[in-house]
Structure formats: structure tokens, C-alpha cells
Amino acid sequence: MRLVLASLALATLAACGPVQSTAALIDADVEIEAARAAGAANASPYEFTGAEAYLKKAREVSGRAQYESATRLANKALGFAKEARKNAVAASNRERENP
């Protein structure tokens, strides 16, 4: 009975890595596209480029089944993308206020 429970727990834990990294990759990708739509490539190039670079690296390590690293890198990409979008929106608002 213990062996069955242990193997079931191990199988459950093994499945978490790919699921978490895939979700993190999707979240980062969506946020990068939102930042791109907001004009972050021009308004916040450092953060936007960082987001793209971290996402690319996250995809690379995910392809090598390094799911914990992929999740960590995708979360960094997400953070950079959020900052880039915030900066782009702020720049757009400043342009509207001061034509």
C-alpha cells in the first residue's frame, strides 16, 4: 500500500514541473504581446528586450526538461513585460497630456 501511495505521489510531483512551466511561459508570452501592443518596444526598450530574452531562454531550458529553471525565467520575463507595458502606457498618457 505504501509503495502505491509513494509512486502516486511521485507521479503527481513529476507532472507539476511541466504544468507550472507551461503556465508561466503562457503568462509571460501574453504579457509580452500586451506590452508590444502598448508600444513598449519604443517606449521601454530595455524592459521589453529583457522580457523577450528571458522568455526565449525559458523556452530553451523548458525544451531540455529543466522545468524549475524555465518557470523562474518565465516569471522574470513576466516581470519585465509588466514593467515595459506600464512604462509604455505612462509614456502614452504623457504624450496625450502634453501634445
Side-chain angles (χ1 to χ4, degrees):
M1 184 64 171
R2 284 186 177 177
L3 182 59
V4 172
L5 290 175
S7 58
L8 185 61
L10 183 61
T12 303
L13 290 174
C16 289
V19 172
Q20 289 176 344
S21 67
T22 300
L25 287 166
I26 291 170
D27 289 345
D29 194 39
V30 167
E31 191 64 34
I32 287 172
E33 290 306 315
R36 186 185 321 278
N42 293 325
S44 188
Y46 173 80
E47 289 83 1
F48 186 75
T49 303
E52 288 186 318
Y54 274 115
L55 181 60
K56 180 179 178 184
K57 188 63 176 178
R59 287 181 176 145
E60 286 177 21
V61 298
S62 178
R64 292 191 302 266
Q66 296 173 346
Y67 301 118
E68 186 176 333
S69 295
T71 301
R72 185 175 36 81
L73 291 165
N75 286 333
K76 283 188 175 193
L78 179 65
F80 271 105
K82 284 182 178 183
E83 187 68 25
R85 184 170 63 134
K86 184 180 87 172
N87 292 345
V89 169
S92 176
N93 289 341
R94 281 193 301 272
E95 287 176 10
R96 283 189 209 146
E97 291 173 0
N98 303 318

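In what follows, residues are counted from 1 in the order of the sequence shown.
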J.: Does a sphere of radius 6.0 Å around CD in Glu33 hold more than 12 heavy atoms from other residues, nucleotides or ligands, not counting ones at 6.0 Å or beyond?
T.: yes
J.: Can you name the residues that form a side-chain contact (heavy atoms from CB on, under 4.5 Å) with Ala35, not counting sequence neighbours?
T.: Ala40, Phe48, Ala84, Arg85
J.: How many angstroms lie between CG in Asp29 and CZ in Arg59, if you round to the nearest 0.5 Å?
T.: 4.5 Å
J.: OG1/Thr22 to CG/Asp27 distance, rounded to the nearest 0.5 angstrom?
T.: 11.0 Å
J.: Could you tell me which residues satisfy side-chain contact (heavy atoms from CB on, under 4.5 Å) with Asn93, sequence neighbours excluded, listed by chain and number?
T.: Val89, Arg96
J.: Could you give all pairs that pass the salt bridge (Lys or Arg N to Asp or Glu O under 4.0 Å) test and reach residues 37-54, with sequence neighbours left out?
T.: Arg36-Glu52
J.: Would you check, one step at a time, whether the test side chain to side chain contact (heavy atoms under 4.5 Å, CB included) holds for Asn87 with Glu83?
T.: CA-CA 6 Å; Asn87 292 345; Glu83 187 68 25; 3.5 Å; yes
J.: Taking side-chain contact (heavy atoms from CB on, under 4.5 Å) as the definition, give me every residue that meets it alongside Ala91, ordered by chain and number, with sequence neighbours left out.
T.: Ala43, Arg94
J.: Quick one: list whatever passes side-chain contact (heavy atoms from CB on, under 4.5 Å) with Ala70, sequence neighbours left out.
T.: Ser21, Val61, Ser62
J.: Show the atom names and distances, to 0.1 Å, of all donor-acceptor pairs under 3.5 Å that link a side chain in residues 72-79 to residues at least two apart or in another chain.
T.:
residue: Asn75; atom: ND2; partner: Thr71; partner atom: O; Å: 3.2

J.: In chain order, what residues pass the salt bridge (charged side-chain N to carboxylate O under 4.0 Å, His left out) check against Glu60, with sequence neighbours excluded?
T.: Lys57
J.: Specify whether Tyr54 and Phe80 have parallel, tilted or perpendicular ring planes, treating 30° as the upper limit for parallel and 60° as the lower limit for perpendicular.
T.: parallel
